[in-house]
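Computed from a predicted structure; not experimentally measured. Sequence lines set the chain letters: A, B, ... in the order given, protein chains first and strands last, and positions in each chain run from 1.
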2 protein chains.
Amino acid sequence: MRVSSKAHYGLRMMTEFAKAYGGGPLSIAEVARVEHLPLAYLEQLASQLRRGGLVESTRGVHGGYSLTRPADQISVLDVVTVIEGEVSPVECVSHGYVTGTCQREGECASRGLWVRLKKSIDAVLSQTTLAELVADQSLIDSMAPVSPEPMR
Amino acid sequence: MRVSSKAHYGLRMMTEFAKAYGGGPLSIAEVARVEHLPLAYLEQLASQLRRGGLVESTRGVHGGYSLTRPADQISVLDVVTVIEGEVSPVECVSHGYVTGTCQREGECASRGLWVRLKKSIDAVLSQTTLAELVADQSLIDSMAPVSPEPMR
DNA sequence: AGAATCCCGACTGTCATGGTCAGAATTATA
DNA sequence: TATAATTCTGACCATGACAGTCGGGATTCT
């Protein structure tokens, strides 16, 4: 029961895009710099996010990525779903599940549990938007003006 | 965000032990038979469950496993935790997390989200006990008397 | 003694994760 | 127009988890 660090990276990248929203596109080189994430890997993730319709790209010199809609209209669930696929604790409660695939379908008592679990996860992840994450972060920043860290 | 089929198997096995609770121990051979799961694999899982303190074993001819406490005192979370380890969406919200491991700790705005997610998952999984799963199942069974299936 | 059972460690194949790399295509700007 | 900055793509790779199998040992009932 864990979210991949892939999705985690994707989310961090998305919050950077969210911060830059309104201005020009933000390059992944910049994201890699401020988030200390491997650039080549971010490239892959950014492509996925674009194909998932969450960001759009601009190529060339002052290119980069920008959100396709305001940060308060993109939930964490959107991001996680694009990167990890549908969040679903077991196959039989996912959207594309074909009835009858599981032979125990009729006699299975735990399916109700998994449905509840999925709903619960979906609820938490869809309630939080990128805008809120960014707001929280600027709150943190303003409260704790830190001295420049040596970092590593 | 998915629960391994390992944990799923473990849960199925535990519901069988729950059904047999009060009588003698139940062998994994029997579990394998009624749940159609690979015996050799169940052996491993059963060992884990025993080491996790959820079941105790009896060796020899009429041996097997039985729950160490009544089924209404064992939650699904107990089972999943023993088999998969602590359920935690990201490392930084797990119990054994050492403060400072993550360099972004101070500036991280999403940690609150992960904490909420973990709590939410824990809540769902700890609210359901083996006793309830068994009750649901017998409900299903009584409602839908099925003809013996050829199965496979 | 023999059968049923748990116990344990070693082994294996497949797949997702978490990357790296090389190079092609596109675009701004000096 | 050349060049630098960027995205785009596909191939590659190492590691570890997952899902199992196997062989044999230890224990206990009958």
Next on the checklist: Output the rounded distance in Å from CZ (F17(A)) to C1' (dT7(D)).
Outcome noted: 11 Å
Checklist entry - Has the side chain of E30(A) got a donor or acceptor that lies under 3.5 Å from a partner of the other kind on the base of dT6(D)? => result no
Checklist entry - Between Y97(A) and S88(A), does a side-chain contact (heavy atoms from CB on, under 4.5 Å) hold up when you go through it step by step? => result CA-CA 11 Å; Y97(A) 174 70; S88(A) 177; over 6 Å; no
Item to check | Residue pair E84(B) / S4(B), side-chain donor-acceptor N/O under 3.5 Å | outcome: yes
Next on the checklist: Please tell me if S57(A) has a side-chain N or O lying less than 4.0 Å from either OP1 or OP2 of dC8(D).
Outcome noted: yes
Checklist entry - If you pin Y65(A) and Q44(B) to their nearest nucleotides in DNA chain D, which one's is more 5'? => result Y65(A)
Item to check | Stepwise side-chain hydrogen bond (donor to acceptor under 3.5 Å, both in side chains) test for S75(B) and D78(B) | outcome: CA-CA 5 Å; S75(B) 71; D78(B) 292 331; 3.2 Å; yes
Item to check | Phosphate contact (dT17(C) OP1 or OP2) by Y9(A) side-chain N/O below 4.0 Å | outcome: no
Checklist entry - Given dC8(C), dG18(C), dG19(C), which nucleotide is nearest the side-chain atoms of R51(B)? => result dC8(C)
Item to check | Closest to the V61(A) side chain, choosing from dT7(D), dG19(C), dT27(C) | outcome: dT27(C)
Checklist entry - Think R59(A) has a side-chain N or O under 4.0 angstrom from the OP1 or OP2 of dA5(D)? => result no
Checklist outcome for this item: Between A46(B) and M13(B) the two heavy atoms that sit nearest each other are N-CE, 3.7 Å
Item to check | E43(A) (side chain) and dC8(D) (base): donor-acceptor pair under 3.5 Å | outcome: yes
Checklist entry - Closer to the 5' end of DNA chain C via nearest nucleotide, is it K6(A) or T58(A)? => result K6(A)
Checklist entry - How would you label the contact of R2(B) with the nucleic acid (heavy atoms, under 4.0 Å): base, sugar-phosphate, or nothing? => result nothing
Checklist entry - If you pin G60(A) and S5(A) to their nearest nucleotides in DNA chain C, which one's is more 5'? => result S5(A)
Checklist entry - Closer than 4.0 Å, any side-chain N/O of H62(B) to the OP1 or OP2 of dT28(D)? => result no
Checklist entry - Considering only side-chain heavy atoms of S4(A), which listed nucleotide, dG18(C), dC8(C), dC7(C), is closest? => result dG18(C)
